[in-house]
Amino acid sequence: MEIERIAFISGFEALFVKLEENKISTALTTSSSRQEVKAHLRNTSYLKRFNAICTSDGISKSNPYTEIYLLSAS
(Lines give C-alpha, C1' and ligand atoms only; values in the text may rest on other atoms or scores of the structure.)
Protein backbone atom coordinates (compact mmCIF):
# COMPACT_ATOMS: atom_id res chain seq x y z
CA MET A 1 0.00 0.00 0.00
CA GLU A 2 1.46 3.33 -1.06
CA ILE A 3 0.77 6.09 1.46
CA GLU A 4 0.70 9.77 0.54
CA ARG A 5 2.06 12.37 2.90
CA ILE A 6 -0.64 14.19 4.85
CA ALA A 7 -0.86 17.95 4.34
CA PHE A 8 -2.52 19.58 7.33
CA ILE A 9 -4.59 22.72 6.85
CA SER A 10 -2.92 25.90 8.05
CA GLY A 11 -3.90 26.53 11.67
CA PHE A 12 -4.78 22.89 12.43
CA GLU A 13 -2.02 22.40 15.01
CA ALA A 14 -2.82 25.69 16.77
CA LEU A 15 -6.49 24.70 16.98
CA PHE A 16 -5.61 21.22 18.22
CA VAL A 17 -3.37 22.67 20.94
CA LYS A 18 -6.17 25.04 22.06
CA LEU A 19 -8.60 22.13 22.27
CA GLU A 20 -6.10 20.15 24.35
CA GLU A 21 -5.37 23.12 26.64
CA ASN A 22 -9.10 23.52 27.26
CA LYS A 23 -9.56 19.76 27.77
CA ILE A 24 -12.00 19.49 24.87
CA SER A 25 -12.24 15.93 23.57
CA THR A 26 -11.29 15.27 19.97
CA ALA A 27 -12.18 12.44 17.61
CA LEU A 28 -10.90 11.59 14.18
CA THR A 29 -13.80 10.27 12.12
CA THR A 30 -13.02 8.79 8.72
CA SER A 31 -14.29 6.34 6.14
CA SER A 32 -10.71 5.08 5.81
CA SER A 33 -9.58 1.85 7.49
CA ARG A 34 -7.66 1.86 10.78
CA GLN A 35 -4.63 0.51 8.88
CA GLU A 36 -4.73 3.49 6.49
CA VAL A 37 -5.10 5.98 9.35
CA LYS A 38 -2.12 4.48 11.18
CA ALA A 39 -0.04 4.57 8.00
CA HIS A 40 -0.95 8.20 7.24
CA LEU A 41 -0.37 9.45 10.78
CA ARG A 42 2.56 7.24 11.78
CA ASN A 43 5.06 10.11 11.63
CA THR A 44 2.88 12.49 13.63
CA SER A 45 1.83 12.71 17.28
CA TYR A 46 -1.90 12.62 16.43
CA LEU A 47 -2.46 8.88 16.86
CA LYS A 48 -1.86 9.38 20.58
CA ARG A 49 -3.45 12.83 20.86
CA PHE A 50 -6.96 12.16 19.53
CA ASN A 51 -9.28 10.95 22.29
CA ALA A 52 -10.96 8.63 19.79
CA ILE A 53 -10.31 7.41 16.28
CA CYS A 54 -13.36 6.01 14.49
CA THR A 55 -12.76 4.27 11.17
CA SER A 56 -14.79 2.29 8.67
CA ASP A 57 -13.64 -0.87 10.48
CA GLY A 58 -16.03 -0.15 13.36
CA ILE A 59 -19.25 0.49 11.46
CA SER A 60 -21.68 -1.37 9.24
CA LYS A 61 -22.71 1.53 6.94
CA SER A 62 -20.53 4.45 5.83
CA ASN A 63 -21.48 7.88 4.46
CA PRO A 64 -24.07 9.27 4.14
CA TYR A 65 -25.23 7.29 7.20
CA THR A 66 -24.62 8.80 10.62
CA GLU A 67 -23.42 5.69 12.45
CA ILE A 68 -19.74 6.68 12.47
CA TYR A 69 -20.50 10.20 13.69
CA LEU A 70 -22.69 8.91 16.53
CA LEU A 71 -19.90 6.46 17.45
CA SER A 72 -17.27 9.21 17.56
CA ALA A 73 -19.54 11.51 19.59
CA SER A 74 -20.07 8.80 22.20
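Note that the structure is predicted; figures quoted are calculated from it, not measured. For reference, positions follow the sequence shown, starting with 1.
Residues Ile59 and Tyr69 share a hydrophobic cluster, clusters being chains of Ile/Leu/Val/Met/Phe/Trp/Tyr side chains in contact below 4.5 Å. Under the 4.5 Å side-chain heavy-atom criterion for ILVMFWY residues, no single connected hydrophobic cluster contains both Phe50 and Leu19.
To the nearest 0.5 Å, atoms SG (Cys54) and CD1 (Ile68) are separated by 6.0 Å. Once rounded to the nearest 0.5 Å, the distance linking OG1 of Thr44 with NE2 of His40 reads 11.5 Å. Distance check: Lys18 NZ to Ile24 CD1 gives 10.5 Å after rounding to the nearest 0.5 Å. Atoms CD and OG, on Glu67 and Ser56 in that order, are 11.0 Å from each other to the nearest 0.5 Å.
Aromatic rings of Phe8 and Phe16 (six-membered ring for Trp) have centroids beyond the 6.0 Å cut-off, not under it.
Residues forming a side chain to side chain donor-acceptor pair (under 3.5 Å) with Ser72 (at least two apart in sequence, or on another chain): Thr29. Residues forming a side chain to side chain donor-acceptor pair (under 3.5 Å) with Ser32 (at least two apart in sequence, or on another chain): Thr30. Looking at residues two or more places apart in sequence or on another chain, you find a side chain to side chain contact (heavy atoms under 4.5 Å, CB included) between Leu47 and Val37, Lys38, Leu41, Ile53. When the side chain to side chain donor-acceptor pair (under 3.5 Å) test is applied to Ser25, no partner is found at least two apart in sequence or on another chain. The side chain to side chain contact (heavy atoms under 4.5 Å, CB included) test applied to Asp57 returns Ser33, Arg34, Thr55, not counting sequence neighbours.
In this structure, Glu13 pairs ionically with Arg49, as a charged nitrogen and a carboxylate oxygen lie closer than 4.0 Å.
Through direct or relayed side-chain contacts under 4.5 Å between Ile, Leu, Val, Met, Phe, Trp and Tyr, Ile9 connects to no other residue.
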